[in-house]
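A note on names: the letters A, B, ... follow the listed sequences, proteins ahead of strands, and every chain is numbered from 1.
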There are 2 protein chains.
Amino acid sequence: MARLDVLPVARSHEEPKTSRCSGCAVRDSALCASMSDTELTALRVIGRRRIVPAGQIVSWAGDASTFCANLVSGALKVTATLADGREQIVGLLFPGDFVGQLFTDETTLTVTAIVDTDLCGYPRAAFETLLGDYPRMERMLLRRTMASLNEARERMLSLGRKNAQERVAGFIFDLAARAGSRGADGLLHVSIPVSRGEMADYLGLTIETVSRQLTRLRTNEVIAFANGDRVCTIKNPEELSEIVNPD
Amino acid sequence: MARLDVLPVARSHEEPKTSRCSGCAVRDSALCASMSDTELTALRVIGRRRIVPAGQIVSWAGDASTFCANLVSGALKVTATLADGREQIVGLLFPGDFVGQLFTDETTLTVTAIVDTDLCGYPRAAFETLLGDYPRMERMLLRRTMASLNEARERMLSLGRKNAQERVAGFIFDLAARAGSRGADGLLHVSIPVSRGEMADYLGLTIETVSRQLTRLRTNEVIAFANGDRVCTIKNPEELSEIVNPD
DNA sequence: CGGAACGTTGAGCATAATCAACGACTGTGG
DNA sequence: CCACAGTCGTTGATTATGCTCAACGTTCCG
């Protein structure tokens with residue numbers, strides 16, 4: 001039962017620069033963006049920075065819901081599991097995202113670091129209280145939660161009605177839209193932040209099916225891989241778009 | 001493009017009793033529950049009751065997001081669709097539930113009445129403003145949105161990782177938990193509020209597969225049907241539970 | 001009475017899962 | 001330095017699950 005408060009915590013001798021909010025990488029993208037520098041003190045006094053190494057579980061389904069956090073750097077996966085071990089990734093979290101289940105005593109989802117991850121964590125009860133004191137932050141959280149709900153609903157469409165080809169192509173497509181960078185060759189390059197197994201758990205497929213669909217996209221010269229299996233080049237955006245959104 | 005404001009509206013000659021909030025069926029379960037009788041005036045002045053007949057579309061995906069509502073009686077389905085017509089029900093709404101997509105200019109989902117439905121509707125902009133003036137209502141909406149997100153994530157697990165048998169059994173099981181009533185025979189009876197086709201769209205299956213799985217549950221005497229295809233009796237709750245949550 | 005909507009059942013098929021083998025790469029210990 | 005195990009990804013053969021296409025029964029309503 002690894003829990004946030006008992007995780008190994010990397011800690012430098014003096015308070016690191018980045019723990020002073022004004023220099024924080026997500027000062028303007030996390031919920032803190034709703035707060036003025038002076039208001040931020042209230043958040044800072046209940047916050048504690050934590051580094052979670054890749055692969056480590058942040059919170060198990062069934063744990064008491066005692067913590068929440070802003071994600072500062074790295075990435076987390078949120079998974080739902082069945083008793084027999086079948087697993088579905090129901091969310092991926094990146095810098096600026098909010099982590100945790102509020103207004104509930106028991107968590108139902110497991111949160112795991114997929115790379116080394118830096119969190120700015122708060123006791124849930126204290127954070128909920130604060131939320132009542134800072135309406136702009138509560139509003140921002142409401143907007144984000146609604147956006148997450150819309151995303152979740154898009155994913156239900158994908159999981160319920162799309163075939164393997166469409167799901168895999170859609171995953172690449174979405175990644176490119178969110179985090180693609182244009183290379184010197186004028187083509188979009190995307191770093192895939194997860195393993196094949198995690199892609200499968202995200203898309204509701206098996207590793208083998210994901211692999212075969214990627215091979216198929218590669219064979220058809222829609223995509224190509226560079227620097228191993230984790231960097232993808234989009235060679236034919238029109239064709240990719242066609243596969244993602246068929247008539 | 002059916003829109004809330006151009007839908008046929010049933011209207012009695014004098015203001016009906018139930019439109020006075022104090023007598024409203026969902027006064028204590030909808031978002032209004034967060035308001036005192038006096039505060040409620042603010043909501044009432046922007047609200048308009050609307051009756052939507054079964055089968056009618058309340059809002060199309062792609063419409064401007066100009067309205068939201070509390071559901072007073074009846075039921076709605078929220079669907080996501082692909083260009084080629086494939087459809088997924090991403091949510092079912094019942095009395096007391098909130099309807100609409102806030103903080104966005106364009107809707108991405110279609111909302112349809114599955115039975116005659118009574119709504120208490122508001123202009124979105126006015127409602128959003130009100131939300132800022134009544135923190136308890138905003139907090140209640142935040143809690144509900146988070147609960148919806150958790151539900152959506154459970155459904156992602158179902159759509160991504162459960163087989164047809166588990167999905168159909170799970171649907172009956174969830175219905176029974178939410179709205180089952182114990183009959184004179186001591187058994188749980190559940191009214192199924194949707195057609196087979198809607199069940200299929202909800203579960204990410206085809207009509208035929210849903211029908212076959214129901215037949216299988218009936219053959220194994222786990223369930224039985226009474227009064228046609230829409231009322232279900234749970235004859236063997238242990239077995240049903242076993243199917244829903246296998247080891 | 002005829003037609004439409006809804007649900008069930010059957011036959012055949014396609015898609016993705018399963019089971020298995022193998023190559024590439026990485027870190028470890030002899 | 002190299003042998004080795006372990007992880008990750010790919011590919012092949014086979015199977016099973018759920019989809020497609022088709023027929024048919026029932027109910028309801030014009």
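Contact annotation: A:T209 side-chain N/O to C:dA16 OP1/OP2 distance is not under 4.0 Å. The phosphate of D:dC19 (OP1 or OP2) has a side-chain N or O of B:T206 nearer than 4.0 angstrom.
One atom, CD of A:E166, and another, P of C:dT15, lie 12 Å apart when rounded to the nearest Å. The distance from atom CG of B:L214 to atom P of C:dT8 is 6 Å, rounded to the nearest whole Å. The distance from atom CG of A:N163 to atom C1' of D:dC19 is 12 Å, rounded to the nearest whole Å. For the pair B:Q165 CD and D:dA16 P, the interatomic distance rounds to 17 Å; values are reported in whole Å. C:dA5 atom P lies 14 Å from atom CD of B:E198, rounded to whole Å. Straight-line distance from the CG atom of B:L159 to the C1' atom of D:dT17: 16 Å, rounded to whole Å. Rounded to a whole Å, the CZ atom of A:R86 is 12 Å from the P atom of C:dA17. Distance A:D201 CG to D:dC8 C1': 14 Å, rounded to the nearest Å.
Between A:R196 and A:E208 there is no salt bridge, since none of the side-chain N atoms of the basic residue sits less than 4.0 Å from a carboxylate O of the acidic one. Ionic pairing of A:E87 and B:R161 is not present here: no N-O contact between side-chain nitrogen and carboxylate oxygen is shorter than 4.0 angstrom.
Within 4.0 Å (heavy atoms only), A:L205 reaches sugar-phosphate atoms of the nucleic acid but no base atom. Contact annotation for B:R230: backbone-only contact, meaning every heavy-atom pair under 4.0 Å involves sugar-phosphate atoms and none involves a base.
Residues B:K162 and A:R212 both approach DNA chain D. Their nearest nucleotides, taken by heavy-atom distance, put A:R212 toward the 5′ side. Annotation: of the two residues near DNA chain D, A:G197 and A:R161, the 5′-most nearest-nucleotide partner is A:G197. The residue among A:V210 and B:D229 whose nearest nucleotide of DNA chain C is located toward the 5' end is B:D229.
Ring-centre distance between B:F171 and B:Y202: below the 6.0 Å cut-off.
Across all their heavy atoms, A:M156 and B:Q88 have their closest contact at O-CG, 3.7 Å.
Closest to the B:I207 side chain, of the nucleotides C:dT8, D:dC19, D:dT11, is C:dT8.
Looking at A:E208, its side chain comes within 3.5 Å of the base of C:dC19 through a donor and an acceptor atom.
Considering CG of B:D174 and CD of B:E154, their distance stands at 9.0 Å, rounded to 0.5 Å.
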